[in-house]
Amino acid sequence: MSVVTRFAPSPTGFLHLGGARTALFNWLFAKRYGGKFLLRIEDTDRVRSTDDAITQILNGLKWLGIEWDGDPILQHSRANRHREVVSFLMDSGRAYKCYCTASELEEMREKARKQGNPVRYDGTWRDKDPQDAPPGISPVVRFKALIEGETIIDDGVQGKISISNKQVDDMVLLRADGSPTYMLSVVVDDHDMGITDAIRGDDHLTNTARQTQLFKALAWETPKFSHIPLIHGSDGSKLSKRHGSVELGFYEKMGILPEAMCNYLLRLGWSHGDDELISQEQAIKWFSLDGIGKSPSRFDLDKLINMNGHYIRSSDHSKILDECYRLLCLKWGKEAVDENKDKFIYLRSELIQKSNTIIQIIESIDFIFEKKPISYDDKALKILTNEAKILLNKIANEFLECKDWSEEHIEEIVRSFVKKENIKLGNIAQPIRSALTGTNTSPGIFSIIFVLGRSEVIKRISDAVKK
RNA sequence: GACCCCUUCGUCUAGCGGUUAGGACAUCGCCCUUUCACGGCGGAAACACGGGUUCGAGUCCCGUAGGGGUCACCA
């Protein structure tokens with residue numbers, strides 16, 4: 001039987017790092033075995049689900065390069081099928097109506113907590129005669145779970161796990177308004193979609209016992225589940241909005257490449273010996289369940305950024321350039337960018353070589369676009385001493401007389417100036433840098449002088465000297 | 001609280017009974033150097049603890065501690 005996996009996000013929030021990794025693993029697993037990867041939107045909670053979230057999830061997956069087979073399935077559209085399964089369960093005596101009110105349930109839990117018992121539904125309506133149903137209350141439908149024995153889960157990552165059936169209570173299948181719950185829908189949909197393997201977060205592990213019982217009650221085959229440990233924040237706590245950086249779009253905005261993100265996510269919880277840089281093609285060849293670790297891992301932004309640097313340097317430069325152009329336009333406006341495009345093109349190799357993120361590239365050419373007169377930061381100001389200004393005046397004259405405005409010739413001028421003045425290159429390079437960029441860091445000094453052009457250079461130097 | 005899972009450098013991890021416990025990120029030092037980086041070289045840095053099993057344990061078993069997850073008419 002060929003492999004069918006799925007990613008089943010709930011559109012109650014955005015696609016975050018954990019979800020992205022789950023999607024990646026399922027996708028990789030399907031590719032590895034030549035199977036299909038399906039997408040199912042778990043929107044049975046009509047109140048909390050939003051279209052925005054769906055769009056964002058889809059975009060996030062596309063950005064990562066994860067393509068699903070067929071159209072995404074919207075779970076709520078299958079409600080009738082879910083209800084049909086419940087009536088089968090009712091007929092076969094594996095489900096029943098429960099008329100407990102919310103306050104009764106709360107009381108029940110409170111009592112169990114006080115007595116130190118597991119907090120579960122106590123089965124009040126399990127064997128009651130439906131004739132006793134109180135008037136005016138619309139019931140929920142509960143699954144009649146097994147009371148004795150234990151449920152064995154053969155997990156692809158965690159191995160064999162047994163959970164006592166005493167731990168599993170009679171879960172709600174249909175809400176009072178007749179809508180199906182998640183617990184029912186996953187089971188029915190996984191079966192109907194022909195899912196053979198599903199990789200999902202650890203947080204579903206104990207739910208699996210409930211779902212397994214449902215599969216059995218329906219006489220359906222259970223997919224092979226593999227529960228992967230969760231990703232934690234850098235402080236070791238559960239990844240949450242508190243970390244401010246769980247959303248995938250956050251990383252796109254900071255100039256992380258999707259390839260780097262995939263590679264990083266892949267290495268978080270999965271390994272293939274000492275391999276670190278793993279292309280998508282290679283990952284598809286290597287991916288398997290036994291490379292997945294059992295312990296939770298922390299998210300490390302530094303490592304992601306470093307990995308991103310490798311991808312920036314090794315990927316197709318024209319692709320990087322396109323992305324830079326897009327972001328540059330966003331930042332400075334298309335007109336300004338087009339006007340200065342050749343400057344950026346000239347500096348591109350150096351920039352790509354030394355940057356770890358797209359944003360770093362963009363920021364290192366801020367000086368090109370700064371409005372004149374440019375502003376100087378503290379470090380630049382510190383460099384612009386009186387002695388430095390004297391040197392700047394002198395070198396400005398040299399530039400004025402320069403006949404051949406090429407980077408090579410500019411370097412000649414500066415180097416012979418250094419010799420003449422008996423100073424170190426740094427003594428003049430840093431003041432020039434400050435004058436031209438308003439900061440103390442920039443691309444190579446000769447290339448920025450060349451790129452800015454003679455009149456601009458003269459102008460900026462004279463502005464700086466007047467400071 | 002009950003149940004389930006986890007535990008190797010600061011972080012991600014390799015290791016699948018015999019290793020000087022390896023790699024990567026971060027960190028420190030040196031080199032390169034006009035700045036910031038990139039790159040190169042080198043250093044420091046880990047088997048949570050306690051019992052077993054075994055000739056031999058990071059590797060197997062049992063406890064303890066710590067961490068995580070689940071206990072909804074959320075998914």
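Predicted model, so just to flag it, every value in this text is computed and none were measured. Chain naming here is simple, since letters A, B, ... match the order of the sequence lines and numbering starts at 1 in each.
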Which whole number of Å gives the distance between the [atom1] atom of [N] and that of [M]?
N: A46(B); M: U11(B); atom1: P; result: 12 Å
N: U59(B); M: C9(B); atom1: P; result: 14 Å
N: U70(B); M: U19(B); atom1: C1'; result: 40 Å

Has the side chain of [X] got a donor or acceptor atom sitting under 3.5 Å from an opposite partner on the base of [N]?
X: K294(A); N: C5(B); result: no
X: N356(A); N: A37(B); result: no
X: D202(A); N: G69(B); result: no
X: K354(A); N: C36(B); result: yes

Tell me which nucleotide among [options] gets nearest to the side chain of [X].
X: S297(A); options: C12(B), A75(B), C6(B); result: C12(B)
X: D302(A); options: U70(B), A24(B), A26(B); result: A26(B)
X: A429(A); options: G23(B), U34(B), U11(B); result: U34(B)
X: I445(A); options: C38(B), G23(B), U34(B); result: U34(B)
X: T44(A); options: C73(B), A75(B), C38(B); result: A75(B)
X: Q158(A); options: A75(B), G39(B), C5(B); result: C5(B)
X: R109(A); options: G23(B), C73(B), A14(B); result: C73(B)
X: Q75(A); options: A14(B), U35(B), A75(B); result: A75(B)
X: P296(A); options: U70(B), C6(B), A24(B); result: C6(B)

Review point. Where does the angle between the aromatic ring planes of F299(A) and Y264(A) fall among parallel (under 30°), tilted (30 to 60°) and perpendicular (over 60°)?
Key: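 F299(A) and Y264(A): perpendicular rings.
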Exercise for review: May I ask you to decide if the ring planes of W405(A) and F399(A) are parallel, tilted or perpendicular, using 30° and 60° as cut-offs?
Suggested key: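 Answer is perpendicular, since the angle exceeds 60°.
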Check your understanding: Less than 6.0 Å separating the ring centroids of F287(A) and F25(A)?
Key ->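 Ring-ring flag for F287(A)/F25(A): true, centres closer than 6.0 Å.
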Review point. Would Y346(A) and F450(A) count as a close aromatic pair, with their ring centres under 6.0 Å?
Key: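 Ring-ring flag for Y346(A)/F450(A): true, centres closer than 6.0 Å.
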Nearest-Å distance for atom pair [atom1]/[atom2], residues [X] and [N]:
X: Y264(A); N: U13(B); atom1: OH; atom2: C1'; result: 11 Å
X: D274(A); N: C16(B); atom1: CG; atom2: C1'; result: 15 Å
X: R48(A); N: C73(B); atom1: CZ; atom2: P; result: 13 Å
X: I152(A); N: C5(B); atom1: CD1; atom2: P; result: 11 Å
X: F446(A); N: U34(B); atom1: CZ; atom2: P; result: 8 Å
X: H204(A); N: C4(B); atom1: NE2; atom2: P; result: 20 Å
X: N306(A); N: U27(B); atom1: CG; atom2: P; result: 10 Å
X: M171(A); N: C3(B); atom1: CE; atom2: C1'; result: 17 Å

Please classify the nucleic acid contact of [X] as base, sugar-phosphate, or nothing, using heavy-atom distances under 4.0 Å.
X: D203(A); answer: sugar-phosphate
X: R200(A); answer: nothing
X: T441(A); answer: base
X: V172(A); answer: sugar-phosphate
X: L425(A); answer: base
X: G201(A); answer: nothing

Please state whether the phosphate of [N], meaning OP1 or OP2, lies under 4.0 angstrom from any side-chain nitrogen or oxygen of [X].
X: R298(A); N: C25(B); result: no
X: T181(A); N: A72(B); result: no
X: R433(A); N: C36(B); result: no
X: S355(A); N: A37(B); result: no
X: R267(A); N: A24(B); result: no

Point to revise | Opposite nucleotide pairing with A26(B), Watson-Crick or G-U, both atom distances under 3.5 Å | key: none
Study note, to complete from the structure: Scanning both residues in full, the closest heavy-atom pair of H82(A) with Q75(A) reads CE1-O, 3.5 Å
Check your understanding: Ignoring hydrogens and geometry, is there a side-chain-to-backbone donor-acceptor pair from N263(A) to E276(A) under 3.5 Å?
Key ->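 Answer holds: yes.
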Exercise for review: Please lay out, stage by stage, how R40(A) and D189(A) fare under the test side chain to side chain contact (heavy atoms under 4.5 Å, CB included).
Suggested key: CA-CA 9 Å; R40(A) 182 173 76 226; D189(A) 290 347; 3.4 Å; yes
Review point. If each of D169(A) and S162(A) is mapped to the nucleotide of RNA chain B with the nearest heavy atom, which maps nearer the 5' terminus, i.e. the 5' end?
Key: S162(A)
Review point. side-chain hydrogen bond (donor to acceptor under 3.5 Å, both in side chains) between R433(A) and S442(A): does it pass, once the steps are laid out?
Key: CA-CA 7 Å; R433(A) 195 183 318 275; S442(A) 83; 2.8 Å; yes
